Amino acid sequence: MAAMAVRAFCSPRRPLRSDAFLLLVLFLVSVSCSTSEPQGFCAVGYESDCGLSSEKILIKGGTVVNAHRKEVADVYIEDGIVVSVRPNIKVGDHVKIIDATGKYVMPGGIDPHTHLEMEFMETVTIDDFFTGQAAALAGGTTMHIDFVIPVNGNLTAGFESYMNKAKKAVMDYGFHMAITKWDEGVSKDMELMVNEHGINSFKFFMAYKGSLMISDELLLQGLQKCKSLGAIAMVHAENGDAVAEGQKRMIDLGITGPEGHALSRPPVLEGEATARAIRLANFVNTPLYVVHVMSIDAMEEIAKARKAGQRVIGEPVASGLILDDSWLWHPDYTTAAKYVMSPPIRTSGHDKALQAALSTGVLQLVGTDHCAFNSTQKALGSDDFRKIPNGVNGIEERMHLIWDKMVESGQMTVTDYVRVTSTECAKVFNIYPRKGAILEGSDADIIILNPNASFKIAAASHHSRSDTNVYEGAKGKGKVEVTISHGRVVYEDGKLKVAPGSGRYIRMPPFGYLFDGIEKADAAYFASLNAPIQRTKSAA
Ligand code: URP
Ligand code: ZN
Ligand code: ZN
């Protein structure tokens, strides 16, 4: 593990905390360093200089990439905000100068899909809001949107619990909210979440029978409620009843290992649920966001709907774009089990089709579904694949993997890379151009990527708490060398400088661009009904 150097903390742009809280922070960090789970980011703090709270940075001579254009320009940052983007900016003293000549200066990644410190399948994901976010920053992601899981169906309790978990945040984050049951209280709480708490998206699990799964009836009610609130409905699209049947079939056949996971929930079940959710969203006339699109079957349903003019967003994740399911047949249980996630990683061919769909705009943005468990947790299912906690890592690896697989290979332009890793997420969740862009007035969440440097992924050097990595040994070109979060250099020269509590909760307003004109389509629909017909009752 890297040498530890805990220094004095300050929280830029916030009043100094009380000594008691500082001590607590130091304690928390000391613990995380001394227990040695998180690796490589023990150099925590701000160089003991609280003056860094108003860090001024000039990034010189790089190619600044936004989703709409790229240009060689300087970027000047002050107080966490991009002040100027143009060639040859002149500055005075006390400004940190970073030479980005020959490198790309891009908006920090936004990961739309993570699960930090989530209670799930009899355990809790291994990365919390400190280790998960530190890992994200080391990999060039500066914001993520995590899924709040209600407590016994209660949204407010769930929200409070996640706000509490996020107290140790080191970068900006927002929340989606899962809906796991339906009653008047849930419906009212959805209003509260949108109007008071800055949540503009709700996720419906069509799988995980017996825990998170909802019925079609609930999905319909949820879609209608989302529409009325200007909130995006998201679905985990797998047919949960059929998955349960498929699992039973495998167990009856004596298939209890990780390969049984993939065999029990084939692509057709993902395609079926995706089609069903799309049709119900069409019936309600509300936008739909399909999370973790893992198969050709699901992707083609999205393509078809979009071609017909329906507002459907498809989110592939790094694992589905990069990996194939052969790992699940690995003779070593620990190796095979780390690839168990839902929907499953598919056979070779699905990955390439998803890449093509991403590069041609059929799918719009890339997440990770970072939901990491260590090998001890994965061992919970060593005699029954149904008990293996579902989830893989990716929050640290996404930006590098997508660069290498899509841009370095020539499948995607640099501007499209920015779109799928950052800008589209900011647009869909209505926080653009504060996030997802390097424009005057945007938050200074910026990465500098050297296209000539290379990366290598290994559990021994990653920043997640997990002892395994599904991308173990992966190498590629393009390396994030600097990460700037909220105007502070938090990752440079391979070292992280992060402070628990410095991350901010980002409120996301409702009625983003996906809702533009929805009411006009509704009006056209009502006009087309040509009903009710006024009939005269004939005399008997
Ligand atoms: O296997 C997965 N995907 N775990 C996280 C929960 C979910 O379905 O997103
Ligand atoms: Zn899911
Ligand atoms: Zn997920």
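Only heavy atoms go into these numbers, but all of them, side chains included; no hydrogens, no water, no symmetry mates. First listed ligand is number 1; within each ligand, the first listed atom is number 1. Sequence positions, counted from 1, serve as the residue numbers for this chain. The structure presented is a predicted model; accordingly, all values stated were derived computationally and were not measured.
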Going by the atom numbers of ligand 1, which of them fall below 4.0 Å from some non-hydrogen atom of D369?
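Heavy-atom distances to D369 below 4.0 Å select 2 (C), 3 (N), 5 (C), 9 (O).
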
Numbering the atoms of ligand 1 from 1, which are under 4.0 Å from a heavy atom of C371?
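Numbered from 1, ligand 1 contributes 4 (N), 5 (C).
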
Would you say that [X] contacts [Y] through its side chain, given a criterion of any heavy-atom pair below 4.5 Å between the two side chains?
X: M294; Y: H350; answer: no
X: F373; Y: I126; answer: no
X: S342; Y: Y208; answer: yes

Heavy-atom pair of closest approach, residues R346 and R265:
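Closest pair (atom of R346, atom of R265, distance): NH1-O, 2.8 Å.
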
State, to 0.1 Å, how close L328 and V340 come at their nearest heavy-atom pair, and which atoms those are.
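For L328 versus V340, the nearest heavy atoms are CD2-CG2, 3.7 Å.
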
Charged N to carboxylate O below 4.0 Å: is that the case for D172 and R504?
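R504 and D172: salt-bridged.
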
Could you tell me whether D241 and K209 make a salt bridge, using a distance below 4.0 angstrom between a side-chain N and a carboxylate O?
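Yes, D241 and K209 are salt-bridged.
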
Classify the contact between [X] and ligand 1 as side chain, backbone, both or neither, using a heavy-atom distance cut-off of under 4.0 Å.
X: N390; answer: both
X: M341; answer: both
X: K203; answer: side chain
X: F147; answer: neither

H113 and H292 aromatic ring geometry - parallel, tilted or perpendicular at 30°/60° bounds:
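Tilted.
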
Among the N, O or S atoms of H115, which one sits nearest to the Zn ion (ligand 3)?
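The atom in question is NE2.
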
Write out the residue and atom name of the closest protein heavy atom to atom 7 (C) of ligand 1, then the distance separating them to 0.1 Å.
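For atom 7 (C) of ligand 1, the nearest protein heavy atom is Y208 OH, 3.5 Å.
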
Looking only at protein heavy atoms, which one is nearest to atom 1 (O) of ligand 1, and what is the separation?
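Its nearest protein heavy-atom neighbour is S342 N, 2.8 Å.
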
Quick one: name the protein N/O/S atoms under 2.8 Å from the Zn ion (ligand 2), chain by chain.
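Checking every protein N, O and S atom gives K203 NZ, H236 ND1, H292 NE2.
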
Can you confirm whether more than 12 heavy atoms, excluding those of N152, are under 6.0 Å from its CG atom?
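Incorrect, the count does not exceed 12.
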
Is it the case that atom CZ in F283 sees more than 12 heavy atoms from other parts of the structure closer than 6.0 Å?
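Counting neighbours around CZ of F283, 12 or fewer heavy atoms of other residues, nucleotides or ligands fall under 6.0 Å, so no.
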
The Zn ion (ligand 3) to nearest N/O/S of H113 below 2.8 Å
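H113 does place an N, O or S atom closer than 2.8 Å to the Zn ion (ligand 3).
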
Find out whether the Lys NZ or Arg CZ of K427 is both under 6.0 angstrom from the six-membered ring centre of Y432 and within 45° of the ring's axis.
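Yes, K427 sits over the ring of Y432.
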
